[in-house]
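Some notes on the structure that comes next.
Per chain, numbering begins at 1; letters A, B, ... match sequence-line order.
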There are 2 protein chains.
Amino acid sequence: MTQKGNASRERITAIANNLIYTKGYNQTSVAEVADAVGITKGNLNYHFRSKDDLLQAVIANRITTIIATLQQWDHDYPQAKSKLKRFVQMLRSEEESIVRYGCPMGSLNVELGKDQLPLKDKAWQMFDLYQKWLAKIFVQLGYKNSKSMSKHLLVMAQGAALMSYIYSDKKLLREECDRIEEWIDSI
Amino acid sequence: MTQKGNASRERITAIANNLIYTKGYNQTSVAEVADAVGITKGNLNYHFRSKDDLLQAVIANRITTIIATLQQWDHDYPQAKSKLKRFVQMLRSEEESIVRYGCPMGSLNVELGKDQLPLKDKAWQMFDLYQKWLAKIFVQLGYKNSKSMSKHLLVMAQGAALMSYIYSDKKLLREECDRIEEWIDSI
DNA sequence: GTCTATAAGAAGATAGAC
DNA sequence: GTCTATCTTCTTATAGAC
């Protein structure tokens with residue numbers, strides 16, 4: 001709560017995003033965020049009138065990132081199965097943080113799910129972006145049950161992220177990625 | 001924080017267990033637990049010197065239950081694959097609560113994982129009981145990689161529980177159980 | 001915009017009477 | 001064992017000066 005700090009909304013949001021991911025939303029105080037940014041609580045409350053308001057901005061930010069990522073993937077990987085593999089690849093490239101902090105989407109949804117329903121809806125949208133994107137691909141692949149298939153892929157990815165997080169086990173995460181990719185090849 | 005209440009440790013633990021499951025540990029206050037039990041905070045603090053102490057008792061309780069359950073399953077289902085199916089069956093019979101509150105083990109581990117390391121170790125033991133029990137079965141089935149196989153089954157089960165919880169989707173949970181059972185048949 | 005100061009409440013835990 | 005009362009700390013949020 002010292003230092004100077006040019007505190008644009010974006011700057012605060014980015015730092016809050018990181019803290020909320022690594023510590024959890026309820027376990028992160030606004031004082032901590034302000035401290036990390038280098039401003040005072042009072043100043044932070046000028047930019048965001050409430051803690052929930054801050055989380056909304058964080059989630060909105062994540063949603064924007066996800067949309068951009070999916071567009072990029074659509075552009076980079078024309079083939080349907082390549083898109084699916086790219087999705088799995090995300091688990092591999094993020095293995096370090098997943099094993100330490102879990103999946104940012106999964107953790108946040110679990111945390112908000114028990115109460116705080118209005119915010120949960122926002123957090124839920126993150127999942128739905130991936131799900132709808134995946135479903136589109138399964139349609140391309142000729143599946144009638146594209147929704148079920150896309151959710152199944154999310155189930156495997158979330159299960160892999162969750163268990164490798166709980167066991168702090170990179171090897172497990174890699175093995176599960178292998179299995180998911182085998183599954184993609186087999187369909 | 002009114003009413004009379006014969007407050008044995010067991011009674012408090014059972015009620016706390018339920019609240020912690022449905023609301024989450026950090027979102028459950030000791031005042032709430034005391035209220036649900038029908039005693040005062042002061043009294044609760046007589047039985048459990050701290051909130052962490054209370055959670056330890058809750059987890060110890062769960063561990064005892066898990067051990068008893070696994071022994072029962074060992075007794076009731078002599079065949080290896082029947083044991084695995086019984087494990088999956090748990091997801092089906094608990095679908096109502098899983099869809100509403102998630103998996104009690106998974107949620108607690110995620111919640112404690114971000115900080116509170118001493119308690120996480122305790123919570124982690126719950127998972128390990130299942131994992132070791134499953135691994136034993138895969139050994140029976142002749143698998144060299146029994147550990148990997150047992151964790152894979154946990155991955156699928158946890159993924160199914162998590163996603164069906166996030167989507168509040170019983171149909172998804174059932175479909176994923178079907179897939180897991182198909183997998184068991186195929187190995 | 002950014003600060004200091006402070007309000008207002010919640011939560012965990014303790015002291016002491018009964 | 002169980003209660004009432006109190007303490008302390010943490011947390012969110014506001015008020016007002018600069």
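- Heavy-atom minimum distance, A:Ala157 versus A:Phe87: CB-CE2, 4.0 Å.
- Atoms CZ (B:Arg49) and C1' (C:dA15) sit 16 Å apart, rounded to a whole Å.
- When rounded to the nearest whole Å, the span between CG of A:Leu54 and C1' of D:dA13 equals 14 Å.
- Checking the phosphate oxygens (OP1, OP2) of C:dT2, no side-chain nitrogen or oxygen of A:Thr40 falls inside 4.0 Å.
- Rounded to a whole Å, the NZ atom of B:Lys41 is 16 Å from the C1' atom of C:dG16.
- At whole-Å resolution of the value, CD1 in B:Ile39 and P in C:dA13 are 14 Å apart.
- Rounded to an integer number of Å, the gap from A:Gln27 CD to C:dA11 P is 14 Å.
- Atom-to-atom, CG of A:Asn45 to C1' of D:dT12 comes out at 7 Å; the value is rounded to the nearest Å.
- A straight line from CZ of A:Phe48 to C1' of D:dA13 spans 15 Å, rounded to a whole angstrom.
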- Task: For side-chain hydrogen bond (donor to acceptor under 3.5 Å, both in side chains), just list the numbers for A:Tyr167 and B:Asn109, CA-CA rounded to whole Å, side-chain angles, deciding distance to a tenth of an Å, and then say yes or no.
- Result: CA-CA 10 Å; A:Tyr167 275 92; B:Asn109 270 278; over 6 Å; no
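- Screening B:Phe138, B:Trp183, B:Tyr143 for a ring-ring contact (aromatic ring centres under 6.0 Å, His included) involving B:His152 leaves a single residue, B:Trp183.
- Regarding A:Lys51, its NZ atom lies at a distance of 12 Å from the C1' atom of D:dC10, rounded to whole Å.
- Of the candidates D:dT2, D:dT11, C:dG1, D:dT2 carries the atom nearest the B:Tyr46 side chain, counting heavy atoms from C-beta on.
- Contact between the side-chain N/O atoms of B:Asn43 and the OP1/OP2 oxygens of D:dG1 is not found at any separation under 4.0 Å.
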- Between B:Thr69 and B:Arg86, is a side-chain hydrogen bond (donor to acceptor under 3.5 Å, both in side chains) present by the stated rule, with each step listed? CA-CA 11 Å; B:Thr69 299; B:Arg86 183 59 188 84; over 6 Å; no
